[in-house]
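Single-structure report; data block below.
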Amino acid sequence: MNTNYHQIWQTVQLIPKGKVASYGQIADLAGLPNRARLVGKALGFVPDNGWNNKAVPWYRVINSQGKISLPIGSDAFERQKSLLQDEQVVVIGARIKLAEFQWQPDLAELLFQLKF
DNA sequence: AACTGGGCTAAAA
DNA sequence: CTTTTAGCCCAGT
């Protein structure tokens, strides 16, 4: 697989349970500025069934407006919403409440984990 | 070598 | 609050 995808998945794994981050934020932290769309694409490849959905918590990534980016009412949307709610994240409609952008990574720790 | 369409964004209306 | 607009970048085709 693409190196960029690994960089992205790796960064997404750093989002703590019960918190969320935006596509752009993940792109920046992964060292890929201005590539939010790539993050969306990369997350689309993460299997959401069984064991793997906890290895890479794709559902903790939302858009810059604080909302779930998937089409409202789609299966994928409902899946993301319930996975977030399982972690006590409040979701009203597509909008995330209480957990918006509250993930503040420790930069030193982040860089360490990314093996920079 | 184009061309296209995305799980995007910031700013403006 | 919402929708639009105009940038944006690149993997896949």
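Just so we're on the same page: letters track the sequence lines, and every chain starts at 1.
At least one donor-acceptor pair closer than 3.5 Å links the side chain of A:Asn63 to the backbone N or O of A:Gly66.
At a threshold of 4.0 angstrom between heavy atoms, the contacts of A:Val61 include nucleobase atoms, whether or not backbone atoms are also involved.
If you take CD1 on A:Ile96 and CD on A:Gln80, they are separated by 7.0 Å, rounding to the nearest 0.5 Å. Atom CD of A:Glu87 and atom OG of A:Ser82 lie 10.5 Å apart (nearest 0.5 Å). Considering CD of A:Gln25 and OG1 of A:Thr11, their distance stands at 10.5 Å, rounded to 0.5 Å. For the atom pair A:Asp28 CG and A:Ser22 OG, the distance stands at 7.5 Å (nearest 0.5 Å). Between the CG atom of A:Leu32 and the CZ atom of A:Arg37 there is a distance of 15.5 Å, given to the nearest 0.5 Å.
Nucleotide B:dG6 holds its C1' atom 13 Å from the CD1 atom of A:Ile8, rounded to whole Å. To the nearest angstrom, C1' of B:dG6 lies 11 Å from CZ of A:Phe45. If you take CG of A:Asp28 and C1' of C:dC8, they are 13 Å apart, rounded to a whole angstrom. To the nearest angstrom, C1' of B:dG7 lies 11 Å from CD1 of A:Ile68. A straight line from CG of A:Leu38 to C1' of B:dG5 spans 14 Å, rounded to a whole angstrom. If you take NZ of A:Lys41 and P of C:dC8, they are 18 Å apart, rounded to a whole angstrom. Protein atom OH of A:Tyr5 is 10 Å distant from nucleotide atom C1' of B:dG6, rounded to whole Å.
Nearest heavy atom pair, residue A:Val89 against residue A:Gly18, reads CG2-O, 3.5 Å.
Comparing B:dG7 with C:dG7, their P atoms are spaced 23 Å from each other, to the whole Å.
Ring geometry for A:Trp9 against A:Tyr5 counts as tilted: the plane angle lies between 30° and 60°, on a 0 to 90° scale.
Among A:Ile15, A:Ile68, A:Leu84, the one residue that satisfies the side chain to side chain contact (heavy atoms under 4.5 Å, CB included) test with A:Val20 is A:Leu84.
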- Query: Just the dot-bracket of DNA chain B, please: which string comes out with Watson-Crick or G-U pairs under 3.5 Å, [ ] for crossing, | for another strand?
  - Reply: .|||||.||||||
- Task: Summarise protein proximity over nucleotides 8-13 of chain B in one line of letters, 5' to 3': B for base, S for sugar-phosphate only, - for none, counting protein heavy atoms closer than 4.0 Å.
- Result: BSS---
